[in-house]
Every structure is written in C-alpha cells, then in structure tokens.
Amino acid sequence: MHEYRTHRCGDLRKENAGEKVRLSGWIHRKRDHGNLLFIDLRDHYGITQCVIDVSSPIFQSVENARLETVIRVTGEIVKRSDDTINASLSTGDIELNISEFDVLGEAGNLPLQVNSDDDYGEETRLRYRFLDLRRDRIHKNIVLRSRVISDIRRRMTDQGFIEFQTPILTSTSPEGARDFLVPSRLHPGEFYALPQAPQQFKQLIMIAGFDRYFQIAPCFRDEDARADRSPGEFYQLDMEMSFVSQDDVFDALEPVLHGIFSEFGNKKVVTSPPFPRIPYDEALLKYGTDKPDLRNPIEIEDVTEIWRGTEFKIFASAIDKGSVVRAIPAPGAGSKPRSFFDKLNDWARAEGAGGLGYIVFEKGEGKGPIARFLDDERINKLKVQADLKDGDAVFFTCAAELTASQFAGKARTRIGVDLELITDDRFDFCWVVDYPMYEADHHTGELQFSHNPFSMPQGGLEALEKLDPLEIKAYQYDIVCNGIELSSGAIRNHRPEIMYKAFQIAGYTTEEVETRFGGMLNALKYGAPPHGGSAPGIDRIVMLLANEENIREITMFPMTQQAQDLMMGAPAPADRSHLDELHLDVIKKPETGDN
RNA sequence: GGGGGUGUAGCUCAGCUGGUUAGAGCGCUGGCCUGUCACGCCAGAGGUCGCGGGUUCGAGUCCCGUCACUCCCGCCA
C-alpha cells in the first residue's frame with residue numbers, strides 16, 4: 001500500500017465498497033458524538049467522510065486531532081445506508097471506516113477558519129495566505145486562473161504563435177508609468193528597470209523574423225493599487241504578428257477570447273466574432289467613454305440643435321458659447337416616481353454637473369419641468385432621434401463637449417443600473433478603434449502621444465505632415481468587455497522616417513529620440529516588417545470569468561494596497577553589506593516638525 | 001499626496017443619547033452523547049476595546065494625533 005494514499009479524497013464511490021484504502025488530507029470538519037466520531041477529510045480533489053467509534057483502541061487519538069491537522073487514515077470503504085447518504089458530496093455514498101490513523105502535520109489554533117464562508121479581514125487573509133488558499137472559493141479561483149492560462153497557451157500555439165521569454169532586467173521605459181529600478185553591482189550608480197511591458201522586445205522579435213509571438217508576460221509598473229489593479233505587477237497575454245493589418249490582429253485574437261470566455265464563462269453568452277468595431281469618437285458620443293459596456297442598451301444622442309435658440313436660456317446661451325447637449329434615453333422610466341428623478345438630480349449635482357434635466361413621454365406628449373421649452377416639432381425630432389416612446393424618459397446634460405460626453409457616460413451607466421437594464425448573463429465584447437494619435441496636455445496644452453508612441457499614424461508620413469495633429473488617428477485599438485478595458489494594441493510604426501516625424505510633433509528632437517529609443521530605431525533601419533499586436537490583461541480576464549470584483553481574489557500571493565507582502569515580509573530593509581555591494585546608501589528622511 | 005470606510009475575545013460581529021461586572025456565534029478546554037454531515041446539550045477559559053494624548057466625577061462610546069487594512073481621486077502610454 002502506498003505510504004500516503006491509495007485514492008484521493010474525491011475519488012471513492014459505492015463501487016469501492018469493501019476495499020481497504022488509504023487517504024491523506026486535512027481535517028475539514030469533525031462531528032463528535034462522544035462514542036462515535038465523523039471526520040470530513042479534505043484534499044485538493046474533494047472530501048470523504050471517515051468514521052470511527054469508541055470500540056477502537058485509537059478512538060481517543062483521532063478525537064484529539066484538531067481541525068486542519070494533516071492526517072493519514074487507512075480502513076475499509078463502507079457503503080452508507082440509504083438514510084445516511086449525503087447527496088451533496090460526490091463521495092456521499094460511502095465512508096471510510098478508520099482502522100489506522102497517523103498525524104502527518106499538526107495544526108495549531110487557527111487564525112481563520114478554513115471550513116467557513118465568512119469574510120475575513122485582508123490582513124489576516126494575507127498574513128496566513130496558505131490557510132486562506134485552502135478555502136473553497138479562492139482555491140477554485142486559483143485553479144481557474146491556471147486553466148485559463150493553459151487554454152490561452154493552447155489556443156495561441158494552435159494558431160502558430162510561438163512563446164518566448166523576454167528579459168526581466170532591462171532598461172527604463174521611454175513613456176508611461178513609474179519604473180521599478182534594480183541597482184547594478186557591476187556598474188556602480190547604474191540601474192536596471194523591470195519591464196512595464198515587453199513592448200520593444202516583442203517588436204524586436206518581429207524584426208528578428210519570428211513572425212508570430214506570444215507570452216504570458218509579467219509586467220511591472222510602480223503605481224498605486226486599485227481593486228482591479230495589483231500594486232506593481234500584473235500579467236498580459238502579450239502578442240505580436242508580422243505582415244498584418246489591424247483586422248488580421250482582430251481575427252487572431254477574437255477566437256481566442258471567444259473560446260476562453262465560452263469555455264470558462266459559466267455559460268454566459270459571449271459575443272461571436274467578429275466583435276463590433278467602434279471608432280473612438282463614436283464611442284465617446286454614444287457611450288460617453290472609450291470603454292463602453294454594451295450590455296447597457298442606452299445610447300446617448302447629441303441634441304444640441306434641438307435646444308439651440310429655445311427659451312430654456314440655461315441651455316440656449318451655453319450652446320451659443322459652444323456647449324453641446326447630450327440626451328440620455330431612459331427606457332421605461334416614465335413609470336418611476338418623482339423621487340427617482342430627484343435622486344438622479346442629486347447624484348448629478350454631487351458629480352459636479354449643474355443637474356440632470358429630463359422629459360417624460362406619455363400620451364404622445366412630453367412632460368416635466370423643461371418640456372414646455374420645446375415646441376411640437378422639436379419634441380418630435382427628439383422622439384425620433386433618441387428613439388423614445390410613451391413611458392420613456394430622457395435626461396439632458398449641457399456642457400463643453402468632453403465634459404458633456406463623459407458625464408453623459410456616467411449618467412448612462414447610472415440610469416442603466418437603476419433601471420436594471422444591465423443583465424449579468426453576457427460577455428459583450430467590442431473593439432474601440434481609430435484612437436487619436438495625439439492629445440493636448442490638460443494643463444500645458446502641449447501635444448503628447450495619446451497612447452503608444454510606437455503606433456502607426458493613419459495616413460502615414462503624409463498625414464503627419466499635412467493634417468492638424470489633433471485630427472490624426474492612429475492604428476491603435478482597445479478591446480473592451482462589459483465596460484472593462486482588457487487591452488490596448490496597435491499596428492506599429494516600423495518606418496524610421498515616420499518615427500522621427502511623429503516624435504518631432506510631440507516635441508522631441510532627433511537627438512532625444514535617438515538617445516531614448518536608439519536600440520529600437522536602429523533595428524528599424526535593417527529591414528523591419530510591418531507588424532502589430534495587442535496585450536489583453538490576464539488578471540482582468542480571470543476576474544471577469546471568476547465574477548470577482550477584487551484582483552486579490554484571483555491572485556495567489558497578493559500584496560496589500562500599500563504594496564507589502566505581509567506573509568513574506570517584503571519590502572524589508574537591506575543589510576549594510578548588501579547595500580555596500582550595490583554601491584547604495586539609504587538617506588534617512590529628515591524628521592519633520594518642530595522638536 | 002488627498003478624500004471616505006473599518007479597527008471590540010484566536011476568527012466574524014453586536015455594544016443606543018458617555019454610566020455598575022463589555023456580549024453573541026464559530027473556534028479552543030472539560031463533561032455528556034453510536035449515524036452525523038454547519039451534529040446536539042452542559043460548563044469553562046479567553047479582552048491593553050489598534051496605539052498615544054485630551055475632555056469628563058466617569059470614555060469601547062466624545063475630541064486631537066497616529067498606525068494598520070480597505071475603497072476612491074491623483075497616478076496607471
């Protein structure tokens with residue numbers, strides 16, 4: 001007989017009755033009747049009920065073992081009588097009659113209970129993560145994560161993508177987030193940076209002629225955490241392909257995402273390829289965001305012209321000064337009580353908007369505080385444009401274009417939630433395409449890249465030379481699922497002369513570009529294929545599939561919000577000798593205050 | 001860096017407008033119990049009310065500061 005087990009705790013069925021077996025696992029639960037004792041023995045695979053009574057000489061030692069002690073039991077499998085079968089357990093037809101018993105690993109008083117569904121404080125959970133991970137829900141989430149990643153690998157490999165590793169110790173990134181730095185022992189005063197993404201490497205892989213690359217890539221960005229963002233590190237399905245247009249990238253990724261979400265998505269409906277492609281400008285207008293939740297049926301309309309020149313001076317005079325009016329239809333809201341509209345109005349004010357004017361439609365007419373400012377013709381235009389019928393309402397927001405768009409987007413979500421229009425039985429995917437190449441900095445007004453500086457501008461060099469930079473679109477796209485941005489990607493700029501020009505517009509001199517992106521630029525000068533790719537976030541995919549709101553629920557060993565590992569004690573001070581080796585000194589922060 | 005929430009037994013929580021000895025469930029210890037599956041019943045141990053200061057005759061409760069966990073803003077091409 002095997003030293004530890006002949007079966008696993010989820011294996012045994014009534015067919016095994018009469019066999020002498022051995023199981024090892026954790027004591028999940030005990031039911032002690034004094035002269036009769038039941039133990040639910042748990043391992044990764046399941047739970048098996050084990051039983052012993054007082055006639056056994058080892059009864060006392062079994063009874064003394066605490067919950068979460070690791071034990072080994074040996075004994076005969078017995079079919080349970082009909083009235084004692086437990087239908088909620090896969091092994092519920094049988095039980096193990098304990099004849100031999102050993103403690104393999106003793107357990108002390110537990111800081112959290114493994115067999116309970118209670119929520120525990122994060123500090124306890126993270127400090128005792130090994131116990132937390134024994135608990136059913138998170139144990140399953142971590143397994144799901146693994147299966148999803150395996151499945152992604154299979155689907156990518158089947159399409160001819162090759163997985164490569166790229167360096168972890170590399171150079172600091174040109175744009176974007178704060179870097180993690182690693183001091184160099186051999187080069188005093190110099191530092192490696194951890195990769196924010198393997199962006200330049202994957203382009204170099206294409207230039208090296210490997211044609212199709214992917215990687216479950218660790219990415220490091222030293223930015224503050226959020227519920228859906230771990231501090232410091234995350235994983236992407238990083239991929240890149242050569243000789244492709246934007247549609248080729250979409251065609252490659254859509255079946256992977258559709259496949260993964262269909263297989264692991266709890267039978268929710270998944271958008272079939274091809275996913276809708278929504279231009280950035282249209283997304284901002286219709287959904288008020290570049291990450292639209294398409295489960296929400298509400299579509300925003302621009303109704304500036306309907307309100308221009310009306311007696312409703314708040315809107316009319318703002319329009320004359322360049323403001324726009326956006327209409328947010330609220331299907332079926334006509335039957336809601338006055339308080340529904342008041343609550344939304346209060347919310348709008350709390351969000352910093354002036355308010356949220358509305359019109360309710362009944363018996364073919366518009367009703368409500370501001371309806372009287374629109375004549376029949378305008379009311380009819382509104383009904384047609386916003387697709388309104390009796391029993392519907394429509395809300396208005398009036399502001400400068402970007403503000404109005406973004407606020408209408410928030411209102412769209414809020415109204416969709418309040419009216420329960422967003423059902424949780426679907427994964428609605430879309431691509432947001434045609435991102436602007438440049439944007440004006442909020443504060444300085446200076447032009448900067450709005451996304452990846454290595455993206456190819458639509459129209460190429462000619463567009464850069466002739467168009468207003470703010471009008472230029474890039475072959476830059478995001479993939480969005482249920483309002484969550486899963487990734488961004490682009491067709492890359494593989495032409496040095498276009499690269500110099502693109503950077504020049506963003507205020508970089510030729511020298512600066514060469515200093516900062518020399519490696520990349522140099523590579524482009526020796527025969528670079530057109531290429532592009534994307535990088536869907538693994539963590540967010542798993543969050544969606546596991547239906548979890550917090551990234552710690554799908555991360556095996558997460559850090560706290562303050563970026564500390566409470567279990568391993570990281571970060572920690574370094575020894576003097578360690579610092580000396582790295583040519584480092586720690587400067588103590590001067591005491592603040594008066595003493 | 002800023003704003004909000006939480007912090008009471010090993011764990012999850014209750015504790016009213018400040019008032020006598022700070023409670024419950026789970027876990028733990030002891031006793032009873034041979035068919036439970038969240039077993040049941042009885043008893044017990046277990047508390048620096050996060051920490052420091054203040055107000056008060058009196059503080060878990062009010063005030064100030066601070067720490068931890070968390071959510072959000074900034075940040076995250």
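Reminder, nothing fancy here: chain letters follow the sequence lines and each chain counts from 1.
Rounded to a whole Å, the CZ atom of Arg492(A) is 14 Å from the P atom of rA77(B). Between Asp539(A) atom CG and rC76(B) atom C1' there is a gap of 14 Å when expressed in whole angstrom units. One interatomic measurement links the two molecules: CG of Asp565(A) to C1' of rC69(B), which rounds to 15 Å at whole-angstrom precision. With rounding to whole Å, Arg125(A) atom CZ is found 19 Å from rG7(B) atom P. For the pair Leu110(A) CG and rC26(B) C1', the interatomic distance rounds to 11 Å; values are reported in whole Å. Per the geometry, OH belonging to Tyr120(A) stands 13 Å off P belonging to rC26(B), to the nearest Å. Atom-to-atom, CG of Leu126(A) to P of rU70(B) comes out at 7 Å; the value is rounded to the nearest Å.
A distance of about 29 Å separates the P atoms of rG15(B) and rU55(B), rounded to the whole Å. Using atom P as the reference point in both rG10(B) and rG50(B), the two lie 13 Å apart (nearest Å). Comparing rG2(B) with rA77(B), their C1' atoms sit 24 Å apart, to the nearest whole Å. Comparing rC62(B) with rG18(B), their C1' atoms sit 8 Å apart, to the nearest whole Å. For the P atoms, the distance from rC39(B) to rC28(B) is 11 Å, rounded to whole Å. Taking the P atom of each, rG60(B) and rA45(B) are spaced 22 Å apart, rounded to whole Å. The gap from the P atom of rU61(B) to that of rU8(B) amounts to 13 Å, rounded to the nearest Å. Taking the P atoms as reference points, rA43(B) lies 36 Å from rG52(B), given to the whole Å.
Taking only side-chain atoms of Glu223(A), from C-beta outward, the nucleotide of rC69(B), rC76(B), rG1(B) with the closest atom is rC76(B). Closest contact between the side chain of Leu566(A) and the listed nucleotides rC69(B), rG27(B), rU12(B) involves rC69(B). In the set rC28(B), rC69(B), rG74(B), the nucleotide with an atom closest to the side chain of Glu123(A) is rC69(B).
Ring pair Phe503(A)/Phe517(A) is tilted by interplanar angle, where 30° to 60° counts as tilted. Ring pair Tyr508(A)/Phe449(A) is tilted by interplanar angle, where 30° to 60° counts as tilted. The aromatic rings of Phe220(A) and Phe180(A) stand perpendicular to each other, their planes meeting at an angle above 60°, with 30° marking the opposite boundary.
Among Arg29(A), Arg31(A), His28(A), the one residue that satisfies the side chain to side chain donor-acceptor pair (under 3.5 Å) test with Gln49(A) is Arg31(A). Screening Tyr435(A), Tyr287(A), Trp431(A) against Tyr280(A) for a ring pair (Phe, Tyr, Trp, His ring centres under 6.0 Å) leaves a single residue, Tyr435(A).
A salt bridge is defined here as a Lys NZ or Arg NE, NH1 or NH2 lying under 4.0 Å from an Asp or Glu carboxylate O, and Asp539(A) with Arg229(A) fails to meet this definition.
No engagement by Asp222(A) is indicated, since no non-hydrogen atom pair under 4.0 Å with the nucleic acid exists.
Between atom CE of residue Met567(A) and atom CE of residue Met559(A) there is a gap of 12.0 Å, rounded to the nearest 0.5 Å.
Residue Arg552(A) has a polar side-chain atom (N or O) positioned under 4.0 Å from OP1 or OP2 of rC71(B). OP1 or OP2 of rC71(B) lies within a sub-4.0 Å distance of a side-chain N or O belonging to Gln561(A).
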Assign a letter to each nucleotide of nucleotides 29-42 of chain B from its 5' end: B, base within under 4.0 Å of a protein heavy atom; S, sugar-phosphate only; -, no contact.
S---BBBBBSBB--
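Between Thr560(A) and Ala225(A), the residue whose closest nucleotide on RNA chain B is further toward the 5' end is Thr560(A).
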